[in-house]
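These notes are about the structure you will find just below.
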Amino acid sequence: MFIDILRNKGAYPDARCFAGHNGPKPITVWCSNDYLAMGQHPKVIAAMEEALHDVGAGSGGTRNIGGNTHYHIELERELADLHGKEGALLFTSGYVSNDATLSTLARLMPGCVIFSDEMNHASMIAGIRNSGCEKRIFRHNDAAHLEELLAAENPDVPKLIAFESVYSMDGDVAPIHAFCDLAETYNALTYIDEVHAVGMYGARGGGISERDEAAQRIDIIEGTLGKAFGVMGGYIAADIRVIDCIRSYAPGFIFTTSLSPVLVAGVLAAVKHLKSSSAEREAQQAAAAELKRQFRDAGLPVMDSTTHIVPLMVGDPVRAKKISDILLAEYGVYVQPINFPTVPRGTERLRFTPGPQHTHAMMRELTGALVEIWDRLDLELRQAA
């Protein structure tokens with residue numbers, strides 16, 4: 001569920017203010033990345049409980065020593081199948097999968113130049129930096145600028161285009177086919193981060209690349225297991241030769257304890273379920289559309305978004321934090337302000353992620369609270385169209 005209870009003073013910073021004398025206060029969470037509430041799905045919980053009693057809590061080591069189980073192998077097969085690739089490789093988080101893969105892949109291609117969208121996630125930036133290779137930054141989702149940079153490069157050097165499918169702060173989507181066209185023209189590999197899209201889009205939850213019938217054109221698809229799939233971990237799916245290279249050379253894979261089989265069992269149940277069920281995706285998309293509508297109708301400055309992300313522009317870090325504080329203290333609503341360096345200065349915002357369990361009544365209460373706070377802080381509402 002999206003209702004969390006503050007059960008002790010340490011649940012959030014200054015949670016003592018909200019516990020009160022009459023026991024814990026219920027809090028409605030509006031910023032969870034467990035987009036489809038799969039972290040609380042009965043199939044996921046049952047699978048984790050079974051694995052816990054079957055093999056225990058920990059994995060016992062790295063994948064190359066004692067931390068490789070049938071759960072890990074089966075999940076990698078399911079993820080490869082999800083994206084129509086020959087293989088997949090699990091990591092302990094989405095951050096690690098980006099960092100380890102990008103840094104390792106570039107080092108294995110002498111002279112490689114990486115072309116990176118300027119809005120790429122910090123984990124992708126870290127991977128590119130750690131690779132030590134040359135990089136070129138193209139304007140966000142700008143295929144024309146990317147082509148300018150590709151055309152200016154030595155045609156003989158290895159090239160990699162790295163971008164995301166859904167950008168989580170603005171909720172916009174990359175022009176995947178345009179980037180793939182350029183990759184084919186200029187002989188470049190493609191690397192897509194689908195962390196905010198896997199489970200969420202496509203007939204089986206394969207992400208934007210599945211929805212837009214582009215997965216077969218992407219060389220490496222990276223995703224997370226901690227958002228729509230509701231548990232924890234990261235992965236890549238690609239040609240088996242790429243998978244073998246990363247498995248064999250990436251320190252972020254080789255030298256760390258593998259994911260607990262309990263977690264892997266939960267993810268496995270979530271992936272299998274979402275391959276055959278669209279109910280959660282449809283309910284989440286309906287919730288996002290409804291919240292956007294209510295915000296627009298109330299004159300709140302909701303940013304345009306074609307995805308499940310609902311950003312509300314504030315434009316000031318102090319006010320964004322103040323709004324968040326008032327919502328929690330007075331209305332029992334938990335949503336975090338998004339400030340620099342996550343977003344550029346002057347674009348501070350609140351980022352809402354409504355899910356299948358957020359009701360219309362919850363949305364009306366949230367919208368009413370925001371309108372009252374906007375008035376209290378002398379912030380401007382938009383005029384109705």
Side-chain angles (χ1 to χ4, degrees), residues 1-7 11-12 15 18 24-45 166-172 195-201 205 224 226-231 270 273-274 277-314 320 323-338 349-374 381:
M1 295 177 65
F2 278 89
I3 304 299
D4 198 7
I5 304 295
L6 298 179
R7 299 194 182 278
Y12 294 113
F18 314 115
K25 178 180 178 179
I27 302 296
T28 306
V29 180
W30 284 96
C31 56
S32 173
N33 282 340
D34 184 4
Y35 293 134
L36 304 180
M38 291 304 296
Q40 295 149 60
H41 195 282
K43 289 183 180 179
V44 174
I45 294 173
V166 174
Y167 287 83
S168 64
M169 291 301 114
D170 289 353
D172 55 342
V195 298
H196 290 278
V198 290
M200 303 290 295
Y201 299 92
T224 183
K227 292 182 171 60
F229 294 128
V231 188
H273 176 78
L274 290 174
S277 173
S278 294
E280 292 81 7
R281 285 188 283 276
E282 292 169 1
Q284 199 281 334
Q285 290 292 330
E290 173 62 19
L291 188 61
K292 291 175 189 177
R293 184 193 67 76
Q294 290 199 26
F295 281 0
R296 283 194 298 268
D297 289 350
L300 292 165
V302 60
M303 298 171 61
D304 290 335
S305 165
T306 60
T307 61
H308 58 283
I309 308 296
V310 185
L312 195 61
M313 179 60 69
V314 179
I323 295 168
S324 174
D325 289 345
I326 294 172
L327 284 170
L328 183 57
E330 299 182 22
Y331 292 95
V333 166
Y334 185 75
V335 61
Q336 281 293 290
I338 307 295
R349 67 200 65 179
L350 302 175
R351 175 183 174 273
F352 297 86
T353 54
Q357 297 183 12
H358 285 112
T359 66
H360 285 205
M362 289 178 183
M363 295 181 198
R364 287 192 297 270
E365 291 173 5
L366 171 63
T367 302
L370 286 166
V371 169
E372 186 279 320
I373 296 169
W374 242 252
L381 294 172

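Side-chain atoms are counted along with the backbone in the values below, which use heavy atoms only and exclude waters and symmetry mates. As the structure is a computational prediction, the values presented were derived from the model and not from experiment.
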### Task
Carefully, step by step, assess Asp172 and Asp304 under the rule side-chain contact (heavy atoms from CB on, under 4.5 Å).
CA-CA 8 Å; Asp172 55 342; Asp304 290 335; over 6 Å; no
Rounded to the nearest 0.5 Å, how far apart are [atom1] of [X] and [atom2] of [Y]?
X: Met200; Y: Thr307; atom1: CE; atom2: OG1; answer: 8.5 Å
X: Thr367; Y: Asp297; atom1: OG1; atom2: CG; answer: 9.0 Å
X: Ser277; Y: Glu282; atom1: OG; atom2: CD; answer: 8.0 Å
X: His41; Y: Leu36; atom1: NE2; atom2: CG; answer: 10.0 Å
X: Ile338; Y: Met313; atom1: CD1; atom2: CE; answer: 11.5 Å

### Query
Taking the six-membered ring for Trp, are His308 and Tyr35 parallel (under 30°), tilted (30 to 60°) or perpendicular (over 60°)?
perpendicular
### Message
Parallel, tilted or perpendicular, judged at 30° and 60°: which one describes the rings of Trp30 and Phe352?
### Response
perpendicular
What closest approach, in Å, do [X] and [Y] show between heavy atoms, and which atom pair accounts for it?
X: Leu274; Y: Arg281; answer: O-NH2, 2.9 Å
X: Pro337; Y: Leu350; answer: CA-CD2, 3.8 Å
X: Val166; Y: Ala197; answer: CG2-CB, 4.0 Å
X: Phe229; Y: Gly205; answer: CZ-O, 4.5 Å
X: Thr353; Y: His358; answer: O-CE1, 4.1 Å
X: Ala37; Y: Gln357; answer: CB-NE2, 3.7 Å

### Query
Hey, is the main chain of Ala228 close enough, under 3.5 Å, to the side chain of His196 for a donor-acceptor pair?
no
### Query
Hey, is the main chain of Met38 close enough, under 3.5 Å, to the side chain of Lys43 for a donor-acceptor pair?
no
### Message
The test is side-chain contact (heavy atoms from CB on, under 4.5 Å); show your working for Val333 and Glu365 and say whether it passes.
### Response
CA-CA 10 Å; Val333 166; Glu365 291 173 5; over 6 Å; no
### Task
Applying side-chain contact (heavy atoms from CB on, under 4.5 Å), run through Gln285 and Tyr201 and close with a yes or a no.
CA-CA 10 Å; Gln285 290 292 330; Tyr201 299 92; 3.2 Å; yes
### Message
Between Glu290 and Gln294, is the side-chain hydrogen bond (donor to acceptor under 3.5 Å, both in side chains) condition met? List the steps.
### Response
CA-CA 6 Å; Glu290 173 62 19; Gln294 290 199 26; 2.8 Å; yes
Does the side chain of [X] reach to within under 4.5 Å of the side chain of [Y], using non-hydrogen atoms?
X: Arg351; Y: Ser168; result: yes
X: Leu291; Y: Leu366; result: yes
X: Thr28; Y: Tyr331; result: no
X: Met169; Y: Pro311; result: no

### Task
Indicate yes or no: does Asp170 engage Arg349 in a salt bridge with an N to O separation below 4.0 Å.
yes
